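Positions are given from 1, in the same order as the sequence printed here. Just so you know, ligand 1 is whichever comes first in the structure, and atom 1 is the first atom listed for that ligand. Quantities reported herein were computed from a predicted structural model and do not represent experimental measurements.
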Amino acid sequence: KGKRAFIAGVADDNGYGWAIAKSLAAAGAEILVGTWVPALNIFESSLRRGKFDESRKLQDGSLMEIAKVYPLDAVYDNPEDVPEDVKANKRYAGATNWTVQEVAESVKKDFGTIDILVHSLANGPEVSKPLSETSRKGYLAALSASSYSYISLLKHFLPIMNQDGSAISLTYIASERIIPGYGGGMSSAKAALESDTRVLAFEAGRKKRIRVNTISAGPLGSRAAKAIGFIDMMIDYSFTNAPLQKELHAEEVGNTAAFLSSPLASAITGSVIYVDNGLNAMGVGV
Ligand code: NAI
């Protein structure tokens, strides 16, 4: 029986979310995505106009189908949370039902259940500021968009997740090692995400035998990463210093997500899985 996946955080064909969608589609899953509201129009029109057709191609030559694109802003749990200025914002006015609770309700109405939940989103408005210069507001915003958003998604989707399902998020080694430049509380947000992965694995495991894991991915020149500003340097650093001196392909992260969501990984939960050409294992740069 085919599985159904909801992937939050897909707004173009460059990021990890897109690659995970492709690997899951190649493995036979039905794909639903959640797209950040301000990015929705351009993503949907690009899809419609065939701009992503080349990157929709799967190994067997067929094109990945996205069964439905849902507008989503994972910073808001329900309509009562949405401030007036956001409601009135032109980039939000055209879309409806995009809070986490409403998206889960819409998916339930449209499809009934899902088997796989993927969180591939992060945002830290002060990411370019060192942690010691980060404002309280910026720090909490990073945690809200990058960590609590996962708790909220799991909380609202758990009731419609089938037994033995899988939940996956994306993390970064800045949670446990010093990566200057990954500021604004983003390192803290990833540390929270990894800790929450363990606690959520326990809670979702006991409730529905759902497995909860996070992939600690190496550097990729996605839209979000380019906004941070040091991604080319991190890619070069990895190429020079990692045990495997090769480019890291988003597909390699996608394939790991597909493995973790499959019965092949039926005893893996609460884990941080590194997909980084082994860079995490190095103690010094060489
Ligand atoms: P991306 O730009 O493809 O994905 C981030 C997505 O988050 C975007 O589509 C953006 O629209 C969405 N987003 C931001 N705020 C949102 C909100 N409030 N509600 C809903 N969606 C929102 O970039 P990337 O790099 O593929 O990021 C995916 C995940 O991978 C993130 O968790 C990131 O921290 C993680 N990661 C990325 C690495 C990299 O080098 N690119 C390395 C390790 C982890």
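Contact residues of ligand 1 (protein heavy atom closer than 4.0 angstrom to a ligand atom; sorted by chain and number): Gly9, Ala11, Gly15, Tyr16, Trp36, Leu72, Asp73, Ala74, Val75, Ser120, Leu121, Ala122, Asn123, Leu170, Thr171, Tyr172, Tyr182, Lys190, Ala217, Gly218, Pro219, Leu220, Ser222, Arg223, Ala224, Ala225, Ile231.
Across Leu154 and Leu117, no two heavy atoms sit closer than the pair CD1-CD2, 3.7 Å.
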Item to check | Working for ring pair (Phe, Tyr, Trp, His ring centres under 6.0 Å), residues Trp18 and Phe52 | outcome: CA-CA 10 Å; Trp18 178 270; Phe52 299 138; 5.4 Å; yes
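No donor-acceptor contact under 3.5 angstrom links the side chains of Thr99 and Asn78, judged on distance only. Side chain to side chain, Ser106 and Asn97 fail the donor-acceptor criterion of an N or O pair below 3.5 Å.
For the pair Tyr237 and Leu279, the minimum side-chain heavy-atom distance is below 4.5 Å.
Ring geometry for Tyr182 versus Phe230: interplanar angle under 30°, hence parallel rather than tilted (30 to 60°).
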